[in-house]
S.K.: 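Once you've had a glance at the structure underneath, I'll fire off some questions.
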Amino acid sequence: MKYLLLMFIGVTMMFNSMSQNKVLTMEEAILGYNLYPKNMFVQWRSDQNVLTYIEGTNLIGENAADGRKEVLLSLEDLNRILNTDLKGMPQFSWKDANRIMIARQGKIFAVDVVKKEVSHVYQLTEGAQNITPNGKELIAYTKDNNLYYLDANNNEYAVTADKDRNIVNGQIVSRNEFGIEGGIFWSPDGKYLAFYRKDESLVGTFPLLDINSRTGSLREIKYPMAGMKSEQVSLGVYDIAAGKTVFMDVTDFGREQYLTNITWGPKSDFIYIQVLDRAQKHMHLNQYCAKTGQFIKTLLTEENEETYVEPLNPIVFLKDDASKFVYRTNNRDGYFNLYLVETASGKVLRRLTNVDADVELIGQDGKYVYYTSAEVSPVDNHLFRVDVKSGKKTRLTHSEGWHNIKMSHDKKYFIDNYSSLRVPRVINLVQNDGKIVKELLKAENPVKDYNFGEITMGTVKTADGNFDNYYRLIKPMNFDASKKYPTIVYVYGGPHSQMVRNTWLAELRRWEMYMAQNGYVVFVMDNRGTSNRGAAFEKAIHGLCGQAEMADQMEGIKFLKSLSYVDAERIGVHGWSYGGFMTISLITNYPDVFKVAVAGGPVIDWKWYEAMYGERYMDSPHTNAAGYEKVSLLKKAKDLKGKLLICQGAVDNVVVWEHSLSFIRECIKNNVQVDYFPYPCAEHNVMGKDRIHLMQKVTDYFEDYLK
């Protein structure tokens with residue numbers, strides 16, 4: 001087998017000088033925010049080419065064109081304006097060129113940085129959530145399951161008044177899948193309010209145990225499991241002036257269809273919805289009249305009977321030219337690419353990004369479309385622009401690494417915040433032609449005093465030989481090539497993830513370095529099924545979750561075993577969520593390879609997972625019964641030989657308790673010993689200081705049984 005290394009294989013991180021002798025504590029590994037590279041949270045001043053950031057205790061404005069800097073607002077000014085005693089500048093957002101919005105103690109303050117005064121105070125009622133301003137003077141929000149808005153005089157208006165607890169308005173639907181991040185959509189002119197309405201009457205419930213009361217109580221959540229009844233979603237549009245709601249006439253695929261990527265037309269007259277069938281194999285991009293709800297036409301469709309289609313992004317109309325829009329999909333040419341579409345007919349005029357790589361739309365000014373792309377390398381992220389008319393492409397970032405971009409309103413400038421394996425962070429102000437105007441920040445190495453092990457990035461071929469899987473490998477502190485070390489494989493391996501990138505320390509989770517400092521080799525590899533590698537790579541897992549992923553991870557194991565310093569008799573594996581599923585899959589399918597495993601919040605049987613995610617990758621249990629049976633871990637419990645610890649949040653509303661408890665039950669039936677640790681008040685992830693306890697338990701388990 002040939003192991004391909006990245007072009008920077010020789011580039012490694014070494015921290016072995018005498019002055020670099022500090023080791024991480026567990027608290028530093030989990031909560032040591034001071035060990036991240038220094039950052040600047042730069043915002044553009046609304047539609048002006050003025051970048052704003054906090055310097056000391058002052059809000060600074062810096063003109064992009066000439067570099068002039070001024071103090072827009074001091075902390076002293078803000079404390080006087082708000083009649084408070086803040087110790088530092090709070091989080092804020094720009095409402096317009098002169099006003100920032102600050103949320104504090106149930107109120108939202110609009111602070112005028114020019115007049116140094118509060119221009120308005122929005123008094124939110126108790127329980128307000130999903131707060132969404134309209135860019136004018138109105139703010140929409142939800143309370144319980146209904147939708148409201150507040151005007152400039154603090155008058156509250158109810159948009160919905162549903163008393164049935166099964167009806168939910170203005171909130172996220174479809175459990176955050178399909179790119180859904182909210183449930184409230186203001187029109188560009190601020191006169192209409194579109195919102196999701198979710199009917200969960202037919203959705204089953206799952207009980208979560210709350211131990212905080214005197215006798216304990218059950219909190220039931222709606223949880224649509226694969227193959228069972230799902231939610232019914234509709235989209236309403238509320239006319240602020242008329243005080244009336246109409247619902248879009250969406251009838252494409254029956255009652256259990258998904259509505260996503262809601263887009264307003266530039267003139268606030270039309271609504272565009274990407275409508276997806278329950279099986280997630282057909283999508284219609286439809287146009288509706290916002291005032292009447294009438295269906296106008298289907299602009300384009302996507303179909304994929306073999307695997308699935310997954311709409312993730314709203315359409316984006318060209319600036320000053322609503323006759324065309326930019327559309328993103330990976331269902332046409334094998335990669336997430338951008339397409340120029342004629343609005344009137346839905347005709348695809350051209351493929352804007354003609355590259356065999358996944359891309360993300362960053363912005364457009366009518367003349368150019370700006371996007372980031374994996375075309376240089378899947379572990380690097382670079383900014384490009386393409387001329388809409390000529391199709392000419394220009395690369396705008398050149399330094400090795402992963403570039404995060406924030407463009408100005410008119411797209412004349414962008415902030416480039418990047419890092420790489422050796423570079424902690426650099427932030428540049430850049431013109432839209434790629435010319436660097438100014439270096440805003442060059443962060444120092446925050447762990448220069450710590451004795452870190454060597455980090456190497458490289459590739460291993462996939463099990464089918466068609467792709468390269470990227471990894472990071474961490475050698476133990478004070479590495480001795482003559483020794484053999486225990487090895488921990490950290491795995492996630494599921495969709496919408498990329499664990500290995502050419503970022504500072506290769507996207508390191510500091511617990512990995514903590515383990516390296518305690519004498520372990522640590523290995524992390526992205527397998528088929530993960531993102532940013534094209535449709536064939538991502539969809540290889542369809543119908544049989546865990547199978548291609550395991551095959552690829554075992555190629556990683558072959559690579560590890562080829563290293564003279566890896567002890568093949570002491571290999572452990574750890575992962576959470578999909579990674580927990582992968583962890584138990586690996587130790588039960590390859591019991592002679594993995595000696596110790598720690599799985600957190602693991603999926604055990606996909607029939608118990610949510611319909612939106614599970615049916616995309618596994619189809620329905622009714623149509624793919626054999627696939628569900630093959631990848632279920634229930635019958636694998638009898639094959640467990642090594643030491644396995646399962647950790648689970650007792651109020652997990654993502655991977656519900658039925659998964660891990662059912663696996664434990666199978667272990668008991670088969671007289672197989674297994675260790676289990678619940679976190680009584682944790683949801684899917686164990687967070688905050690509780691996470692220190694969790695990772696100490698994980699560490700102790702490897703120390704006791706692997707080392």
Side-chain angles (χ1 to χ4, degrees), residues 33 36 38-64 68-143 147-157 170-172 181-186 188 190 193 240 404 406-409 415 417 427 440-441 688:
Y33 303 115
Y36 289 106
K38 184 180 178 181
N39 202 353
M40 289 176 64
F41 298 98
V42 181
Q43 298 185 58
W44 290 101
R45 186 175 177 178
S46 188
D47 60 355
Q48 296 186 6
N49 288 333
V50 175
L51 48 109
T52 63
Y53 49 88
I54 305 300
E55 190 172 82
T57 59
N58 295 325
L59 172 60
I60 302 297
E62 182 172 341
N63 190 290
R68 286 186 296 110
K69 295 171 62 175
E70 63 174 320
V71 176
L72 299 177
L73 191 68
S74 69
L75 181 61
E76 182 181 1
D77 286 335
L78 185 60
N79 280 325
R80 174 183 54 78
I81 293 168
L82 299 182
N83 190 27
T84 187
D85 187 28
L86 297 170
K87 304 303 179 185
M89 277 287 179
Q91 290 185 338
F92 68 91
S93 61
W94 285 97
K95 180 176 177 59
D96 52 42
N98 292 332
R99 293 183 294 174
I100 60 174
M101 303 286 279
I102 298 173
R104 179 171 170 78
Q105 297 178 337
K107 300 177 182 178
I108 297 179
F109 297 89
V111 177
D112 192 313
V113 301
V114 177
K115 296 180 179 180
K116 303 294 189 291
E117 64 183 22
V118 173
S119 67
H120 193 80
V121 179
Y122 293 92
Q123 180 64 61
L124 299 174
T125 55
E126 186 175 356
Q129 295 181 314
N130 303 303
I131 299 164
T132 311
N134 73 340
K136 310 295 182 182
E137 299 299 333
L138 305 182
I139 292 180
Y141 51 90
T142 62
K143 285 189 300 181
L147 177 63
Y148 302 81
Y149 76 90
L150 201 68
D151 69 12
N153 296 316
N154 280 318
N155 297 312
E156 182 181 76
Y157 299 89
Q171 299 185 30
I172 287 170
E181 297 179 349
I184 299 171
F185 314 91
W186 283 104
L193 180 58
I240 298 294
N404 294 296
K406 186 178 293 185
M407 300 203 76
S408 63
H409 179 78
I415 302 298
N417 187 330
I427 303 178
L440 300 173
L441 172 70

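Index from 1, following the sequence.
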S.K.: Arg45 versus Leu72: any side-chain heavy-atom pair under 4.5 Å?
M.R.: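 Arg45 reaches Leu72 side chain to side chain.
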S.K.: With side chains defined as the heavy atoms from C-beta onward, is the minimum distance between Glu156 and Lys143 less than 4.5 Å?
M.R.: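 The answer is yes, as the side chains (C-beta and beyond) meet within the 4.5 Å cut-off.
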S.K.: Looking at Glu62 and Tyr53, what are the two nearest heavy atoms and their distance?
M.R.: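 Closest approach of Glu62 to Tyr53: OE1-OH, 2.6 Å.
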S.K.: Please determine whether the number of non-hydrogen atoms from other residues, nucleotides or ligands lying under 6.0 Å from atom CG of Asn83 exceeds 12.
M.R.: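 Not more than 12 within 6.0 Å, no.
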S.K.: So does Lys116 have more than 12 non-hydrogen atoms from other groups sitting under 6.0 Å from NZ?
M.R.: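 Enclosed: over 12 neighbouring heavy atoms sit under 6.0 Å from NZ of Lys116.
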S.K.: Would Thr142 and Asn130 satisfy side-chain hydrogen bond (donor to acceptor under 3.5 Å, both in side chains), going step by step from the backbone distance to the final call?
M.R.: CA-CA 6 Å; Thr142 62; Asn130 303 303; 2.8 Å; yes
S.K.: Should Asp85 and Lys87 count as an ion pair when the cut-off is N to O under 4.0 Å?
M.R.: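 Yes, this pair counts.
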S.K.: Is it true that, when you exclude Glu76 itself, more than 12 heavy atoms of the residues, nucleotides or ligands shown sit nearer than 6.0 Å to its CD?
M.R.: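 It does not: Glu76 CD has 12 such atoms or fewer within range.
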S.K.: Is the backbone N or O of Gly127 less than 3.5 Å from a side-chain atom of Tyr141, with the two atoms forming a donor-acceptor pair by type?
M.R.: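 No; judged by distance alone, with no hydrogens or angles, the pair does not exist.
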S.K.: Taking the side chain as everything from C-beta on, heavy atoms only, tell me whether Leu193 gets closer than 4.5 Å to Asn134.
M.R.: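 No, their side chains stay 4.5 Å or more apart.
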S.K.: May I ask you to decide if the ring planes of Tyr33 and Tyr36 are parallel, tilted or perpendicular, using 30° and 60° as cut-offs?
M.R.: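 Ring orientation of Tyr33 relative to Tyr36: parallel.
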S.K.: Can you check whether Gln171's main-chain N or O pairs, donor with acceptor, with Gln129's side chain at less than 3.5 Å?
M.R.: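 No; judged by distance alone, with no hydrogens or angles, the pair does not exist.
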S.K.: Quick one, Ile81 and Leu73 - any side-chain contact, counting heavy atoms below 4.5 Å?
M.R.: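 Yes - at least one pair of side-chain heavy atoms lies under 4.5 Å apart.
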S.K.: Could you pull out the closest heavy-atom pair between Leu86 and Leu75, with the gap in Å?
M.R.: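 Of all heavy-atom pairs spanning Leu86 and Leu75, the closest is O-CD2, 3.7 Å.
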S.K.: Identify the heavy atoms of Met89 and Leu78 that sit nearest to each other, and give their distance.
M.R.: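 Closest pair (atom of Met89, atom of Leu78, distance): SD-CD2, 3.8 Å.
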S.K.: Got Ile240 and Trp186 here, is their nearest side-chain heavy-atom distance under 4.5 Å?
M.R.: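 Counting from C-beta outward, Ile240 and Trp186 do come under 4.5 Å.
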S.K.: Is the backbone of Phe41 close enough, under 3.5 Å, to the side chain of Asn417 for a donor and an acceptor to pair up by distance?
M.R.: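 Here the side-chain-to-backbone pair does not exist.
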S.K.: If I compare all heavy atoms of Ala97 with all of Asp47, which pair ends up nearest, and what's the gap?
M.R.: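 Heavy atoms only, the tightest pair is CB-OD1, 4.3 Å.
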